[in-house]
There are 2 protein chains.
Amino acid sequence: MFTIFQNYLQSKASFTSEQLEMINAVSVIKKLRKNQYLLQEGDVWRYNAFVCQGCLRTYSIDEKGLEHVLNFAVENWWIGDRESLLNGTPSRFNIDAIEDSIVLLITKENFDMLTSKLPQLNDLVNLILQRSFVASQNRINSNISHTAEEKYKAFIEKYGPISLRLPQHMIASYLGITPETLSRVRKQLKK
Amino acid sequence: MFTIFQNYLQSKASFTSEQLEMINAVSVIKKLRKNQYLLQEGDVWRYNAFVCQGCLRTYSIDEKGLEHVLNFAVENWWIGDRESLLNGTPSRFNIDAIEDSIVLLITKENFDMLTSKLPQLNDLVNLILQRSFVASQNRINSNISHTAEEKYKAFIEKYGPISLRLPQHMIASYLGITPETLSRVRKQLKK
DNA sequence: CTTATTAATTGATCTATGTCAATGGCTGGT
DNA sequence: ACCAGCCATTGACATAGATCAATTAATAAG
């Protein structure tokens with residue numbers, strides 16, 4: 001399963017086999033059944049996590065008990081709670097598997113060791129962070145500017161085939177609308 | 001005016017006077033009158049920018065000509081369009097001054113040179129990026145989870161005294177609500 | 001100072017979206 | 001294969017927030 005991560009790394013930068021071995025040595029594979037938690041609210045998140053296979057979601061639960069999906073992640077995406085990782089604070093989010101999944105975990109300490117020894121990994125991680133921030137800002141812009149229908153169309157546009165793997169009530173939650181509204185938007189768009 | 005930036009840097013990390021001089025050498029001070037643009041949609045953003053004094057906003061303009069405020073920035077904050085900077089693409093945003101302001105600009109090339117020579121600056125910038133991402137994610141969570149009133153209260157909580165310097169229609173825009181709705185929310189909260 | 005703009009408030013509607021409830025279709029577990 | 005429990009859909013209705021319009025308050029310009 002490390003092969004998938006290795007292929008990903010090689011596609012983004014150049015690593016010698018010794019360097020890959022160093023990464024492999026601190027990587028832990030974790031298999032998750034559908035619905036299984038990777039992180040639960042209140043726990044501290046201590047890893048950098050890469051999705052080798054499957055699909056997961058990050059979500060919060062509000063005072064009324066409603067779930068709000070913050071992010072999805074599929075193969076070749078990173079997932080986790082940066083706030084908890086950065087500050088060592090208990091997470092306000094949950095992460096669970098939408099499909100049976102396989103993730104690769106590297107603890108913060110090991111990851112910091114790797115980035116300090118491998119500049120190309122450091123650059124890669126930094127680039128991903130920058131892109132994540134940009135994506136995040138664009139989502140905010142969409143949130144404050146668009147109607148339910150516009151947000152849904154933009155979502156389908158952005159997620160493409162991945163959107164077919166996500167239950168609609170989770171997409172609705174991600175967009176900040178109810179499942180009923182999403183259902184009506186979809187009906188409208190079919191015409 | 002460089003002194004302000006210098007104080008900021010020293011408060012976040014340690015720099016020798018030679019290092020500070022190196023930073024000073026590539027810093028450009030730009031004064032902005034109220035309402036003056038720092039960046040206009042369609043232009044490419046090529047700097048890292050630090051606000052020494054004043055207050056600015058980043059916003060987009062939608063198809064209907066409506067403005068949507070993405071961010072505010074005051075003294076000791078960074079501002080810019082990371083997407084345009086990272087990809088070299090024309091910006092979809094505008095940045096202008098809400099008050100007479102002074103910003104310090106360092107071109108991307110010079111900034112990259114600085115971060116490669118000064119690891120502590122690189123770490124600082126990386127930390128800010130991580131925090132920005134976290135803040136951004138939290139704002140998305142707020143957007144999809146809360147009512148107008150809850151979002152406004154959270155905004156006041158987060159921005160504190162700075163919120164008094166911002167016109168209400170811009171706060172409304174930032175929150176994704178109309179000025180009329182914000183006015184009513186405020187009236188409600190006074191009771 | 002005076003006037004011209006722009007911003008904030010308020011009232012009267014309108015509308016997109018939420019809420020509640022019922023139905024039928026899938027899906028996963030036994 | 002069967003049942004139980006989600007999930008998507010649909011309808012009827014409620015409501016937060018938008019829109020439009022008018023008034024007042026605050027700022028800026030001459």
Side-chain angles (χ1 to χ4, degrees), chain A residues 32-36 54-55 57 59 61-69 72 94 96-101 142-156 163-191, chain B residues 32-36 54-55 57 59 61-69 72 94 96-101 142-156 163-191:
Chain A
L32 293 167
R33 308 292 295 276
K34 183 175 175 177
N35 291 323
Q36 194 181 334
C55 182
R57 77 212 243 246
Y59 62 100
I61 299 180
D62 69 21
E63 322 77 50
K64 293 155 208 145
L66 298 173
E67 296 180 353
H68 302 282
V69 175
F72 296 111
N94 300 277
D96 66 16
I98 296 176
E99 306 170 354
D100 290 353
S101 303
S142 173
N143 274 338
I144 63 179
S145 311
H146 298 143
T147 63
E149 181 173 324
E150 290 165 336
K151 285 189 281 185
Y152 177 65
K153 283 199 284 194
F155 179 84
I156 295 300
S163 59
L164 299 173
R165 293 162 62 181
L166 307 170
Q168 286 173 45
H169 70 277
M170 291 187 189
I171 296 178
S173 172
Y174 178 95
L175 299 176
I177 63 180
T178 59
E180 291 94 333
T181 295
L182 178 59
S183 177
R184 286 173 183 123
V185 164
R186 284 161 50 82
K187 190 180 181 182
Q188 184 59 32
L189 288 176
K190 274 182 210 156
K191 294 179 188 168
Chain B
L32 293 167
R33 307 292 296 276
K34 182 175 176 176
N35 292 324
Q36 194 180 334
C55 183
R57 77 213 244 243
Y59 61 100
I61 300 179
D62 69 21
E63 322 76 49
K64 294 155 208 146
L66 299 172
E67 296 178 355
H68 301 281
V69 175
F72 296 112
N94 301 277
D96 66 17
I98 296 176
E99 304 169 355
D100 290 353
S101 303
S142 173
N143 274 338
I144 63 178
S145 309
H146 299 143
T147 63
E149 181 173 325
E150 290 165 337
K151 284 188 281 185
Y152 178 65
K153 283 200 284 195
F155 179 85
I156 296 301
S163 58
L164 300 173
R165 294 162 62 182
L166 307 170
Q168 286 172 46
H169 69 276
M170 290 188 192
I171 297 179
S173 172
Y174 179 94
L175 298 175
I177 63 180
T178 60
E180 291 95 330
T181 295
L182 179 59
S183 176
R184 287 174 182 122
V185 163
R186 284 162 51 82
K187 189 180 182 183
Q188 184 61 30
L189 288 176
K190 275 184 210 154
K191 293 178 189 169

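Naming convention: chains lettered A, B, ... in sequence-line order (proteins, then strands); numbering from 1 in each chain. The figures here come from the full heavy-atom set of this structure, side chains too, leaving out hydrogens, waters and symmetry mates.
Each of A:K64, A:H68, A:E63, A:E67 was compared with B:S145 under the side-chain contact (heavy atoms from CB on, under 4.5 Å) criterion, and only A:H68 meets it. No option in A:K153, A:K190, A:K151, A:E149 other than A:E149 meets the side-chain contact (heavy atoms from CB on, under 4.5 Å) test with A:V185.
Nearest nucleotide to the side chain of B:S183, out of D:dT19, C:dT9, D:dG17: C:dT9. The side chain of A:H169 sits closest to D:dA8 out of D:dA8, C:dG11, C:dT9. Side-chain proximity of B:Q168 to the nucleotides C:dT9, D:dA8, D:dA18 is greatest for C:dT9.
Taking atom NZ on B:K190 and atom P on C:dA8, their separation rounds to 12 Å, with Å as the unit. Atom CG of A:N35 is separated from atom C1' of D:dC7 by 13 Å (rounded to the nearest Å). With rounding to whole Å, B:R184 atom CZ is found 11 Å from D:dC20 atom C1'. The separation between B:K187 atom NZ and C:dT10 atom C1' is 6 Å, rounded to whole Å. One atom, OH of A:Y152, and another, P of C:dT17, lie 15 Å apart when rounded to the nearest Å. Here the C1' atom of nucleotide C:dT9 and the CZ atom of B:R186 are 10 Å apart, to the nearest Å. Computed from coordinates, the B:I144 CD1 to C:dG18 C1' distance equals 16 Å when rounded to whole Å. If you take CG of A:N143 and P of C:dT17, they are 13 Å apart, rounded to a whole angstrom.
Within the 3.5 Å criterion, the main-chain N or O of A:I156 finds no donor-acceptor partner in the side chain of A:S163.
The nearest pair of heavy atoms linking A:L166 to A:I98 is CD2-CD1, 4.0 Å.
Contact between the side-chain N/O atoms of B:T178 and the OP1/OP2 oxygens of D:dA18 is found at a separation under 4.0 Å. Taking only side-chain nitrogens and oxygens, B:K34 never comes nearer than 4.0 Å to OP1 or OP2 of D:dT27. Not one side-chain nitrogen or oxygen of B:K151 sits closer than 4.0 Å to the OP1 or OP2 atom of D:dA16. Between A:T181 and C:dG18, a side-chain N or O to OP1/OP2 separation shorter than 4.0 Å is present.
Classified by interplanar angle (parallel below 30°, tilted 30° to 60°, perpendicular above 60°), the ring pair B:Y174/B:F72 is parallel.
Between the side chain of B:E180 and the base of D:dC20 there is at least one donor-acceptor pair of N/O atoms closer than 3.5 Å.
Ion pairing of A:R184 with A:E180 is absent here, as no side-chain N (NZ or NE/NH1/NH2) approaches a carboxylate O to less than 4.0 Å.
Nucleic acid contact for B:P167: sugar-phosphate only, since backbone atoms but no base atoms lie under 4.0 Å from a heavy atom of the residue. Using a 4.0 Å heavy-atom criterion, one finds that A:I177 contacts the sugar-phosphate atoms exclusively.
End-to-end axis angle of the helix from C:dC1-D:dG30 to C:dT30-D:dA1, from C1' rotation axes over five pairs per end: 60° (rounded to 10 degrees).
No more than 12 heavy atoms of other residues, nucleotides or ligands shown are found within 6.0 angstrom of CZ on B:R33.
In this structure, the separation between CG on B:N94 and CD1 on B:I61 is 4.5 Å, given to the nearest 0.5 Å.
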